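Worksheet for the structure shown next.
Numbers for residues simply follow the sequence, beginning at 1. Any value given below was found using the heavy atoms of this structure, including those in side chains, with hydrogens, waters and symmetry copies removed. Read the numbers this way: they start at 1 and go in the same order the structure lists the ligands and their atoms. If you're wondering where the values come from, they're calculated on a predicted model, not measured in any experiment.
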Amino acid sequence: MQYSSKYPDNELVITRIRVQKGFVQMDKKIMVIGAGQMGSGITQVAAQAGFSVIMQDVKEEFTARGMKTIRTSLERFVKKGTMTPETVEEVMSRITPTTDVAMAKEADVIIEAAIEKMDIKKAIFRQLDELASDNALLASNTSSLAITELAAVTKRPEKVMGMHFMNPVPMMKLVEMIRGLQTSDKTYQTIEALAKEMGKTPVAVKDFPGFISNRVLMPMINEAVYCLYEGVATPDAIDEIMKLGMSHPMGPLQLADFIGLDTCLYIMEVLYEGFGDSKYRPCPLLRKYVEAGYLGKKSGRGFYEYA
Ligand code: CAA
């Protein structure tokens, strides 16, 4: 089926252009910056939804690892019988791994999922603003940083917004949608439609430090670390209490390991500085673990040890 747009402004619509052998092909090309835990997850759900996706990172070994993570995740669906091996290959074929950020010129929507540092994100947004087409929308998967500040380094602040996915991206339904001060309604609507096409549930929040998810989650994790620091209970006991008593799928310390202790510390610092309120003071034990290189699951050791 041939696609012809009846809409003069291609920002507004995401269209299914081809249905072949049960596969849906979307007309918009997505680029994801970063092939780590979040970047590869976002790439996967976009490709599963039928989009062509360019997944960029600075080294080939990072994009190769990202591709491996995606394949492993898709194969879990095959094992469960919810996806066929043929679909796995179709999804993988929609992904172009690259180290060339200049491929941004081909993308309609670019989702940045790089390291959680404002100066690095600003440098990426400046570069994307230069490289991407004038119509392209820029979204950031930042978990706590100000979208308005990030948008201000571009010449298109109305086309910038926050699109915060949760980890593991293939399993978690939420996308926190953050409008910067200058984000246009058109941008919001397009990104909202994109999140829905990816099978996610978008929820709107304002541009405040930590938004909602991490403003509520991280102080809970930080408090669990204080409990450990003060010797109130062991890591296992703290996690067991929250799992059995509060029906959380994993305890706060295990979840911190899973998110990355460096990320948890960084978000607490954003909250502490952003609100200037001592209730957000990062626990010294969290800081010490990060200094020791105990970053959680990804480093093999956090509050628990991983093989
Ligand atoms: N890809 C595909 N499938 C996956 C997967 C992945 N990456 N990860 C888990 N699964 C599937 C498993 O195959 C399994 O499927 P079935 O139940 O159908 O067999 C299912 O998920 C459950 O997995 P497990 O049995 O291995 O483990 P679990 O029961 O503990 O569930 C979990 C895993 C879904 C991650 C669950 O533990 C959970 O919900 N944990 C909390 C996650 C959370 O809070 N995420 C938010 C983190 S905060 C964040 O991301 C924001 C930020 O800015 C820091």
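- A salt bridge links K155 with E130; the closest basic N to acidic carboxylate O contact falls under 4.0 Å.
- Residue contacts with ligand 1 for N214 involve side-chain atoms from C-beta outward but no N, CA, C or O (heavy atoms, distance under 4.0 Å).
- Remark: ligand 1 and N167 share an N or O pair separated by less than 3.5 Å (distance only, no angle test).
- Remark: atom 38 (C) of ligand 1 lies closer than 4.0 Å to at least one protein heavy atom.
- A salt bridge is absent between D207 and R179; no separation between the charged side-chain nitrogens and carboxylate oxygens falls under 4.0 Å.
- Sparse packing is recorded around CZ of F208, with 12 or fewer heavy atoms of other residues, nucleotides or ligands lying under 6.0 Å away.
- At least one protein heavy atom sits closer than 4.0 Å to atom 12 (C) of ligand 1.
- The pair K121-E149 does not meet the salt-bridge criterion, since no charged nitrogen lies less than 4.0 angstrom from a carboxylate oxygen.
- Of all atoms in ligand 1, listed by their number and element, those nearer than 4.0 Å to a heavy atom of M172 are 42 (C), 43 (C), 45 (N).
- Distances shorter than 4.0 angstrom do not occur between any heavy atom of K79 and any atom of ligand 1.
- Only the side chain of L255 comes within 4.0 Å of ligand 1, counting heavy atoms alone; its backbone N, CA, C and O stay farther away.
- The nearest protein atom to atom 23 (O) of ligand 1, hydrogens excluded, is given as R76 NH2, 4.1 Å; this is a heavy-atom distance.
- With ligand atoms numbered from 1 in the order given, ligand 1 contributes 13 (O), 15 (O), 16 (P), 18 (O), 19 (O) to contacts under 4.0 Å with heavy atoms of K80.
- Taking each heavy atom of D239 and L253 in turn, the nearest pair found is OD1-N, 2.8 Å.
- When the heavy-atom distances from atom 5 (C) of ligand 1 to E75, K243, Q37, M171 are ranked, the shortest goes to M171.
- Note that atom 50 (O) of ligand 1 has protein non-hydrogen atoms nearby, at separations under 4.0 angstrom.
- Atom 26 (O) of ligand 1 is approached by the protein to below 4.0 angstrom, counting heavy atoms only.
- Looking at K105 and D100, no side-chain N of the basic residue comes within less than 4.0 Å of a carboxylate O on the acidic one, giving no salt bridge.
- With a 4.0 Å heavy-atom cut-off, ligand 1 is reached by the side chain of P168 but not by its N, CA, C or O.
- Note that atom 29 (O) of ligand 1 has no protein non-hydrogen atoms nearby, at separations under 4.0 angstrom.
- Counting protein heavy atoms under 4.0 angstrom from atom 7 (N) of ligand 1 gives one or more.
- With respect to the salt-bridge test (charged N to carboxylate O, under 4.0 angstrom), the residues E305 and K297 do not qualify.
- Distance CG/D185 to CD/E158: 12.0 Å, rounded to 0.5 Å.
- Counting only residues at least two apart or on different chains, the ring-ring contact (aromatic ring centres under 6.0 Å, His included) pairs with a member in residues 282-307 are Y289-Y294, Y289-F303.
- Applying the 6.0 Å contact sphere to CD of E60 captures no more than 12 heavy atoms from other residues, nucleotides or ligands.
- For ligand 1, the atoms lying closer than 4.0 Å to a non-hydrogen atom of S73 are 1 (N), 2 (C), 6 (C), 7 (N).
- Counting atoms of ligand 1 from 1 in the listed order, those under 4.0 Å from a heavy atom of S143 are 53 (O).
- Distances from ligand 1 to the non-hydrogen atoms of L217 include at least one value under 4.0 Å.
- A salt bridge is defined here as a Lys NZ or Arg NE, NH1 or NH2 lying under 4.0 Å from an Asp or Glu carboxylate O, and E90 with R94 meets this definition.
- Considering only residues two or more places apart in sequence or on other chains, F77 meets the ring-ring contact (aromatic ring centres under 6.0 Å, His included) condition with none of them.
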- request: Mind running side chain to side chain donor-acceptor pair (under 3.5 Å) on T187 and S184 for me, showing each step along the way?
  value: CA-CA 5 Å; T187 298; S184 71; 2.9 Å; yes
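- At a 4.0 Å heavy-atom cut-off, ligand 1 does not touch H248 at all.
- Atom 36 (C) of ligand 1 has as its closest protein heavy atom P249 CB, 4.0 Å.
- Residue, atom and distance of the protein heavy atom nearest to atom 54 (C) of ligand 1 are I259 CG2, 3.5 Å.
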